[in-house]
Amino acid sequence: MFLNDDFLLTTPMAKTLFHNHASKMPIIDYHCHLDPQEIYENKPFVNLTEAWLSGDHYKWRLMRANGVPETHITGDASDYDKFLAWARTVPKTIGNPLYSWTHLELRRFFGIDELLNEESAPRIWKEVNRKLATESFKRRNIIKNANVKMICTTDDPVDSLSYHQRLAEEEQDFKVLPTFRPDKALNIDAPGFKEWIGRLENAIGQSISSYAELVHVLKNRVDFFHDNGCRLSDHALDVLRYKAGDAETLDIIFRKRLADGTLSADEITIYRTELMAQLIAFYREKNWTMQLHMHAYRNNNTSMLKSLGPDTGHDALNDLPITEALAKLLDRAESEAGLPKTILYSLNPKDYPVLLTLMGCFQRDTPGKLQLGSGWWFNDTRGGMRQQLSLFAEHSLLANFVGMLTDSRSFLSYTRHEYFRRVLCELIGEWVERGEAPEDSVLLGQMVEDISYNNAARYFGF
């Protein structure tokens, strides 16, 4: 039966591990893109389209693949017509994880067992909207009812963190902590770099005219984020190159950019390399976890970028080399201040063996100090999760893995943790069936509980 209690659980051990161990564990969502202001204000959703389709480029890509006009995806069509366009698309998503996720969200949050399609859409729209209007489906209650204990948002260094501070003052069943994401500081070649420096100056109330001043300000922002509960940084390193430079060169590069000068490829690489190395030292000092999200190839459709902006479903996998630059960056950090706890993600799964073998060169002091990040973005499918878990197990210690995250802008994405845990239990159950793992539900159950929750709770030091 579709999505029955044992879906994906194909062996007796898989069923035991999920029902007796994985399903009872809370959630730490240590990387997501929820807006802390939305969590604080705790407004009810207007309707299912706002809750489900707004900002969800996973769904948008499939709707475009189904020929849905942009007016009914991101345009000015009514919310109901946008929902109906998604309902017409859903039956064609069989085999894609969104088919399971869509119906899991309907069942787990709204108690709806009916399949979503054009015929059922009016009934589902009416019933879900009725529930969304109630207190139980305000944003905070959705989080609470999903058994989430910790949320780490993604925050720019210029952010005041005022909504994190307000949430921290209130008694909640969960915590909302910031994550330091200084991409705009590193992307000196980006068109909006100077404007961002201006925003940073406004945030701190002082001018920034030299590279040394920028580093000093970023150090102060790290301190500020730490004082407000931050324990993770995050970086989108879509292109990873390495070239060292001295302080004089860095100051020339920075001042040149502020003066609207054109930077060479080497100057950009030197700046990014040296600033990244400096930030890593700050993270080590604070005992933060550093996340490196690598090899996305963004904004491939120029016309859609101009009309809709970034993060609208027009990104893909990057296939550039990664080994040499990453090895040099990690080695330099280890040789200087020492590497912080580090999670390495690549959007291109061909990089997994590279990341795993490099990880093994720098493991010390902390169990699982370096981690292969969970199947991310295009890889959080059943096949992608199994590949990441299998390779992690083959090349490192899967028992130390910090587990799943949503990486989502949606409050209804927590069923992805359930999906991941089912895939994890399915895989371990298969190992037992093949004689690769002992038929020991105590040993394996502890492993599953640790990957589902306990490892993250210990590792991040919240």
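Side-chain contact between Glu334 and Arg364 is present, with heavy atoms from C-beta onward closer than 4.5 Å. Taking 4.5 Å as the limit, some side-chain heavy atom of Met404 sits within range of a side-chain heavy atom of Asp380. Within the 4.5 Å cutoff, the side chain of Phe45 has heavy atoms near those of the Arg139 side chain. Considering only heavy atoms from C-beta on, Phe83 stays 4.5 Å or farther from Asn129 through its side chain. Inter-residue side-chain proximity for Thr153 and Tyr163 is flagged as unmet; no heavy-atom pair is nearer than 4.5 Å. Looking at heavy atoms from C-beta onward, Leu339 lies in side-chain contact with Leu330 at the 4.5 angstrom threshold. Counting heavy atoms from C-beta outward, Tyr58 and Asn96 have side chains that stay 4.5 Å or more apart. Using a 4.5 Å heavy-atom threshold, the side chains of Lys194 and Leu258 count as touching.
His31 and His33 have their aromatic ring centers within a separation under 6.0 angstrom. For Phe110 and Phe137, the ring centers are positioned less than 6.0 Å apart.
For the residue pair Trp196/Asn187, the side-chain donor-acceptor check at 3.5 Å is not satisfied. Side-chain atoms of Trp376 and Asp407 include a donor-acceptor pair closer than 3.5 Å. Between Thr249 and Asp246, the side chains place a donor N or O and an acceptor N or O closer than 3.5 Å (distance only, hydrogens not considered). Side-chain atoms of Glu324 and Tyr242 form no donor-acceptor pair, as typed in the model, at a separation below 3.5 Å. Under 3.5 Å, the side chains of Ser413 and Ser408 contain a donor-acceptor pair of N or O atoms. Looking only at atom types and distance, the side chain of His314 has no donor-acceptor partner in the side chain of Asn299 under 3.5 Å away. No side-chain donor from either of Thr49 and Asp79 sits under 3.5 Å from a side-chain acceptor of the other. Side-chain contact check for Asn147 and Tyr453: no donor-acceptor pair (N or O, by modelled atom type) lies under 3.5 Å.
Taking the six-membered ring where the residue is Trp, His235 and Tyr283 present tilted rings, their angle falling between 30° and 60°. The aromatic rings of Trp377 and His57 lie tilted to each other, with the angle between the two planes from 30° to 60°. Ring planes of Phe401 and Phe392: tilted class, angle from 30 to 60°.
The CG atom of Leu427 lies 10.5 Å from the CD atom of Gln388; values are rounded to the nearest 0.5 Å. In this structure, Met385 CE and Arg422 CZ are separated by 12.5 Å, a value rounded to the nearest 0.5 Å. Separating the CH2 atom in Trp60 from the CD atom in Glu70 is a distance of 8.0 Å, to the nearest 0.5 Å. Atoms NE2 and OG1, from His103 and Thr415 in turn, are 12.0 Å apart once rounded to the nearest 0.5 Å. Rounded to the nearest 0.5 Å, atoms NZ (Lys149) and CG (Asp173) are 6.0 Å apart. From Trp288, atom CH2 reaches atom OG1 of Thr342 across 13.5 Å, with rounding to the nearest 0.5 Å.
Taking the ring axis of Phe462 as reference, the NZ or CZ atom of Lys175 does not stay both within 45° of it and closer than 6.0 Å to the ring centre.
One finds no salt bridge joining Glu195 and Arg199 here, because no Lys/Arg side-chain nitrogen approaches an Asp/Glu carboxylate oxygen to under 4.0 Å. A salt bridge is absent between Lys144 and Glu135; no separation between the charged side-chain nitrogens and carboxylate oxygens falls under 4.0 Å. Using a 4.0 Å cut-off between charged side-chain N and carboxylate O, Glu274 and Lys243 make no salt bridge. Ion pairing between Lys219 and Glu285 holds under the 4.0 Å rule for side-chain N and carboxylate O.
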As a quick check of understanding, evaluate side chain to side chain contact (heavy atoms under 4.5 Å, CB included) for Thr93 and Val90, giving each step before the final call.
CA-CA 5 Å; Thr93 67; Val90 166; 4.3 Å; yes
Trp86 and Thr102: side chain to side chain contact (heavy atoms under 4.5 Å, CB included), yes or no, with the steps?
CA-CA 10 Å; Trp86 171 239; Thr102 293; 3.3 Å; yes
Decide yes or no on side chain to side chain contact (heavy atoms under 4.5 Å, CB included) for Ile28 and Val402, but give the supporting numbers first.
CA-CA 9 Å; Ile28 293 178; Val402 293; over 6 Å; no
Hey, mind stepping through Leu305 and Asn301 against side chain to side chain contact (heavy atoms under 4.5 Å, CB included) and telling me if it holds?
CA-CA 6 Å; Leu305 176 63; Asn301 189 323; over 6 Å; no
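Counting only distance, with no hydrogens or angles, the side chain of Asp251 and the backbone of Tyr211 share a donor-acceptor pair below 3.5 Å. Without hydrogens or angle criteria, Ser452 side chain to Glu449 main chain gives no donor-acceptor distance under 3.5 Å. Using modelled atom types, one side-chain atom of Arg231 and one backbone atom of His226 make a donor-acceptor pair closer than 3.5 Å. Listed for the Arg272 side chain is no donor-acceptor partner under 3.5 Å among the backbone atoms of Arg241. Remark: the backbone N or O of Asp311 is not paired with any side-chain donor or acceptor of Asp315 at under 3.5 angstrom. In this structure, the side chain of Thr269 engages the main chain of Ala265 through a donor-acceptor pair within 3.5 Å. Arg409 contributes no side-chain N or O that, together with a main-chain N or O of Gly55, makes up a donor-acceptor pair within less than 3.5 Å. When atom types are taken as modelled, the side chain of Gln37 and the backbone of Ser162 share no donor-acceptor pair closer than 3.5 angstrom. Gln291 contributes no side-chain N or O that, together with a main-chain N or O of Ile343, makes up a donor-acceptor pair within less than 3.5 Å. Panel note: side chain Asn379, backbone Gly384; no donor-acceptor pair is recorded below 3.5 Å.
Residue Ile27 comes nearest to Ala146 through the heavy atom pair CD1-O, 3.6 Å, listed as atom of the first residue, atom of the second, then distance. Of all the heavy atoms in Phe193 and Ala185, the pair that sits closest is CE1-O, 3.5 Å. Asn454 and Met25 make their closest contact through OD1-CE, 3.6 Å (heavy atoms, listed as atom of the first residue, atom of the second, distance). Among all heavy-atom pairs drawn from Arg64 and Thr74, the shortest one is NH2-CG2, 4.1 Å. Contact record, Phe362 with Leu370: O-CD1, 3.8 Å, taken as the closest heavy-atom pair. Of all heavy-atom pairs spanning Val448 and Cys425, the tightest one is CG1-SG, 4.0 Å.
The side-chain hydrogen bond (donor to acceptor under 3.5 Å, both in side chains) test with Arg140 singles out one residue from Glu170, Glu41, Glu38, and that residue is Glu170.
Within a 6.0 Å radius of NZ in Lys369, other residues, nucleotides and ligands contribute more than 12 heavy atoms.
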